[in-house]
Amino acid sequence: MLVAAGTAQAQSCEPIQFKRGHSSGTVRGIAPPDDVVCYELRTSAGQRADVSVEGNNIVLSVSGLVDGRDQYSFTTEKKTYRIEVGQLMRSISDEPFALTVSVR
């Protein structure tokens with residue numbers, strides 16, 4: 001399970017923290033038509049991170065690594081990664097999503 005309180009907007013990113021004893025989880029949110037929802041993931045060097053997002057018209061970006069994907073895997077550095085979730089094609093309404101993150 002993931003712990004991420006509320007819906008974070010692009011101006012401030014909500015930290016992602018796994019519950020004790022877990023290395024993966026899912027957080028659900030709402031992507032507004034004119035902004036992104038932002039999360040921060042702190043990792044150690046040499047871990048494998050897998051991120052994926054589900055939802056209609058929803059994509060994710062990992063700052064400095066990849067844009068506009070529904071899933072991505074990478075080997076981590078010791079740093080904090082910014083993960084943004086948003087709409088691929090801006091609609092007139094909010095779109096629900098489920099972001100799954102795994103770090104091993």
Taking the side chain as C-beta and beyond, is there a heavy-atom pair between Arg28 and Pro96 under 4.5 Å? no
Grab the two heavy atoms, one from Leu60 and one from Asp70, that are nearest each other, plus how far apart they are. CD2-O, 4.0 Å
Check Gly46 against Thr75 and note the closest heavy-atom contact, atom names and distance. CA-CG2, 4.0 Å
Which atoms form the tightest heavy-atom contact between Phe18 and Ser23, and what is the distance? CZ-O, 3.5 Å
Do Leu41 and Tyr72 land in one hydrophobic cluster if side-chain heavy atoms of ILVMFWY residues count as linked below 4.5 Å? yes
How far apart are the closest heavy atoms of Ala49 and Val103, and which atoms are they? CB-CG2, 4.2 Å
Closest approach of Gly68 and Ser61, non-hydrogen atoms and distance? N-OG, 3.4 Å
Just so I know, are the side chains of Leu99 and Ile16 near enough to count as touching, which here means a heavy-atom distance under 4.5 Å? yes
Report yes or no: does Ser63 contribute a side-chain atom to a donor-acceptor pair with the main-chain N or O of Tyr81 at less than 3.5 Å? no
Roughly how far, to the nearest 0.5 Å, is NE2 of His22 from OG of Ser102? 12.0 Å
Applying side chain to side chain contact (heavy atoms under 4.5 Å, CB included), run through Val66 and Phe74 and close with a yes or a no. CA-CA 10 Å; Val66 67; Phe74 59 100; over 6 Å; no
Membership question, hydrophobic clusters at under 4.5 Å side-chain separation (ILVMFWY): are Val62 and Tyr39 in the same one? yes
Atom CD1 in Ile83, atom CD in Glu40: separation rounded to 0.5 Å? 9.5 Å
Considering residues at least two apart in sequence or located in another chain, which fulfil the side-chain hydrogen bond (donor to acceptor under 3.5 Å, both in side chains) criterion with Arg90? none
Gap between atom CG of Asp50 and atom CZ of Arg104 - 0.5 Å precision: 7.5 Å
Separation between CD of Glu77 and OG1 of Thr43, rounded to the nearest 0.5 Å: 8.0 Å
So which atom in Val37 and which in Pro32 form the shortest heavy-atom distance, rounded to 0.1 Å? CG2-CD, 4.0 Å
Do Ile58 and Leu65 belong to the same hydrophobic cluster, where Ile, Leu, Val, Met, Phe, Trp and Tyr are linked whenever their side-chain heavy atoms lie under 4.5 Å apart, directly or via other members? yes
Euclidean distance, Arg42 CZ relative to Lys78 NZ, rounded to 0.5 Å: 9.5 Å
Qualifying residues under side-chain hydrogen bond (donor to acceptor under 3.5 Å, both in side chains), relative to Gln87, sequence neighbours excluded: Ser91
Contacts of Thr76 meeting side-chain hydrogen bond (donor to acceptor under 3.5 Å, both in side chains) (sequence neighbours excluded), chain-then-number -> none
